Amino acid sequence: MILKKLKSNSSVSLFLVPLVTIALWIKSLQHPFAYNYFPGEDQNILFNLIYRLVHDKPLVQVIIGIVMVILLAYTMQLVNDRFMFIRIKSKLPALLFVVIVGGFVPMHTLHPVYFGALFMLFAVYRLFGIFDTKKAYASTFDVGFLLGVGALFYLDVAVLIPAFIVGIALLGREVGWREFTTLILGFFLPFAFSAAYAVLTDSWLEVLNIMKESIVTPVNHFRSNIPLQVYLVALILYTIAGSIGMFGQYDTKKISSRKYFTVFFWIFIFSLAGFALNPVTSQEMLVITAIPVTYLIANYFVFMKSRFWSELLFILLVLIVVSMQFSFDFFQ
């Protein structure tokens, strides 16, 4: 009965989003901490403006992290409500996202990936708006620009560019080279503004060093992190189940829904590619990967015919996430 209530279109689920987020982050609120950044990670061009204000205030950092997760959840719900790729009206995506991210306990504080993910979702919103549209130059420019701004917060957003190029090819009508060009131009424009500011303030060497550190510094938060490894295995199993469910529904879905989910598939693939292509990428990218995974699992729960199994699997996921709140202390 729990899942049946939560996957309805009732606004009660939206009110639960901040409550569930705070409940899952309560230990971080009681014992606030700052993220263990690698050199230069906290100095991303736009993120550094925020971090300088709160670098010595761990509790404020945790609160900002909570606010960002809630904003991401509501934005995800907005995208689904606008484009209805989960064909049954449901508020489950927002709530499911905060549950899934709640399991990433080391991320329960401020990190630039939350800002990068938010701008990536804005880009998805603009991208989906070009479905079956000719000459969507303004929209594709906006998509690139939003991704560029997101990359100035969290540089690894750049690895998603190919997914959005594929998205334009899938969603647009009579797509030509101009759509792809406007996306690329839009993406580099924020970097051009940043470069101009760096030259005017004579800080371009510092900016280049930060960019270099954000590309070549090897980081691995997964090694010896047994709780996170176990949790990822569980999420992989849910993702496989969701994928099997999607294949079973594929022929019955509208063309637009198929294409939207295909775009999310490529975002998922290239977010995973970030782990392989960039030695800097580590557990923080899971926040971005969780976005397409959330939609997939939400679709699976919404359309699952067996009430018993859907309730059981949902409760099991929640219990796993709750156990994650204590598992790190146990292994330490």
Side-chain angles (χ1 to χ4, degrees), residues 38 40-41 44 47 72 76 79 97 100-101 103-104 106-107 111-124 126-128 140 143-144 146-171 179-180 183-184 186-188 190-191 211-223 225 228-229 231-240 242-243 246-247 258-297:
F38 65 82
E41 188 177 14
N44 288 319
F47 179 72
L72 282 168
M76 287 182 63
V79 172
F97 176 76
I100 290 175
V101 173
F104 305 144
M107 297 298 302
H111 194 282
V113 72
Y114 293 122
F115 298 91
L118 185 62
F119 279 94
M120 187 274 286
L121 273 174
F122 293 157
V124 167
R126 290 295 286 158
L127 176 67
F128 285 3
T140 53
V143 169
L146 289 166
L147 289 173
V149 173
L152 290 182
F153 282 102
Y154 177 63
L155 189 60
D156 284 348
V157 168
V159 304
L160 303 177
I161 288 289
F164 283 83
I165 291 175
V166 173
I168 290 172
L170 282 171
L171 298 175
E179 285 85 355
F180 303 119
L183 182 144
I184 298 300
F187 177 77
F188 281 109
F191 285 90
M211 299 282 283
K212 184 193 75 172
E213 295 285 354
S214 298
I215 296 173
V216 303
T217 305
V219 179
N220 192 338
H221 291 290
F222 296 110
R223 189 177 298 130
N225 194 335
L228 185 57
Q229 293 171 9
Y231 182 50
L232 291 181
V233 170
L235 286 181
I236 289 170
L237 293 176
Y238 276 92
T239 302
I240 291 172
S243 301
M246 176 61 67
F247 286 133
R258 296 181 199 174
K259 292 188 174 183
Y260 294 147
F261 271 109
T262 303
V263 172
F264 281 127
F265 167 77
W266 285 109
I267 291 174
F268 172 77
I269 291 298
F270 280 99
S271 67
L272 292 182
F275 291 104
L277 297 175
N278 191 348
V280 171
T281 306
S282 189
Q283 62 185 355
E284 74 284 344
M285 180 60 87
L286 294 173
V287 174
I288 290 177
T289 306
I291 292 173
V293 167
T294 296
Y295 284 128
L296 183 66
I297 298 176

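These numbers come from a predicted model, not from an experiment.
- Taking OG1 of T294 as the reference point, atom CZ of F264 lies at 10.0 Å (rounded to 0.5 Å).
- Side-chain contact between F164 and L127 is present, with heavy atoms from C-beta onward closer than 4.5 Å.
- Here the closest heavy-atom approach between residue A117 and residue L72 is recorded as C-CD2, 3.6 Å.
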- [ ] I would like to know whether M107 and L286 meet side chain to side chain contact (heavy atoms under 4.5 Å, CB included); could you show each step before the answer?
- [x] CA-CA 10 Å; M107 297 298 302; L286 294 173; over 6 Å; no
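- Minimum heavy-atom separation, G167 to V263: CA-CG2, 3.8 Å.
- Taking both residues in full, the closest heavy atoms of V143 and A123 are given as CG2-O, 3.6 Å, listed atom of the first, atom of the second, then distance.
- Evaluation of the side-chain hydrogen bond (donor to acceptor under 3.5 Å, both in side chains) rule for Y154 yields D156, E284 as partners, not counting sequence neighbours.
- When all heavy atoms of F97 and V287 are compared, the pair lying nearest together is CE1-O, 4.0 Å.
- Listed by first and then second residue, the side chain to side chain donor-acceptor pair (under 3.5 Å) pairs that reach into residues 258-269 come to none, sequence neighbours excluded.
- In this structure, the side chains of M76 and L121 come closer than 4.5 Å at one or more pairs of heavy atoms.
- Heavy atoms of other residues, nucleotides or ligands lying less than 6.0 angstrom from CZ of F188 number 12 at most.
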Open item on the list: Would I161 and L183 count as a side chain to side chain contact (heavy atoms under 4.5 Å, CB included) here? Give the steps.
Closed with: CA-CA 9 Å; I161 288 289; L183 182 144; 4.2 Å; yes
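- Once rounded to the nearest 0.5 Å, the distance linking CZ of F104 with CG of L232 reads 6.5 Å.
- Here the rule is side-chain contact (heavy atoms from CB on, under 4.5 Å) with F122, and of L146, L147, V149 only L146 fits it.
- Between the side chain of Y231 and the backbone N or O of I100 there is at least one donor-acceptor pair closer than 3.5 Å.
- Looking at residues two or more places apart in sequence or on another chain, you find no side-chain hydrogen bond (donor to acceptor under 3.5 Å, both in side chains) involving T239.
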Under 3.5 Å, which donor-acceptor pairs link side chains of residues 267-275 to any protein atom two or more places apart or in another chain?
from: S271; atom 1: OG; to: I267; atom 2: O; distance (Å): 3.2
from: S271; atom 1: OG; to: F268; atom 2: O; distance (Å): 2.7
from: S271; atom 1: OG; to: T289; atom 2: OG1; distance (Å): 3.0

TODO: Check the pair V124, I291 against side chain to side chain contact (heavy atoms under 4.5 Å, CB included), reporting the backbone distance first and the verdict last.
DONE: CA-CA 11 Å; V124 167; I291 292 173; over 6 Å; no
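- Listed by chain and residue number, I240 satisfy the side chain to side chain contact (heavy atoms under 4.5 Å, CB included) test with I236 (two or more places apart in sequence, or in another chain).
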Task: Verdict with supporting geometry, L296 and M246, side chain to side chain contact (heavy atoms under 4.5 Å, CB included) - done: CA-CA 8 Å; L296 183 66; M246 176 61 67; 4.0 Å; yes
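- In this structure F153 satisfies the ring pair (Phe, Tyr, Trp, His ring centres under 6.0 Å) test together with F115, F119, sequence neighbours excluded.
- Nearest heavy atom pair, residue F187 against residue A158, reads CZ-CB, 3.8 Å.
- Partners of R126 by side-chain hydrogen bond (donor to acceptor under 3.5 Å, both in side chains), not counting sequence neighbours, listed by chain and number: S139, D142.
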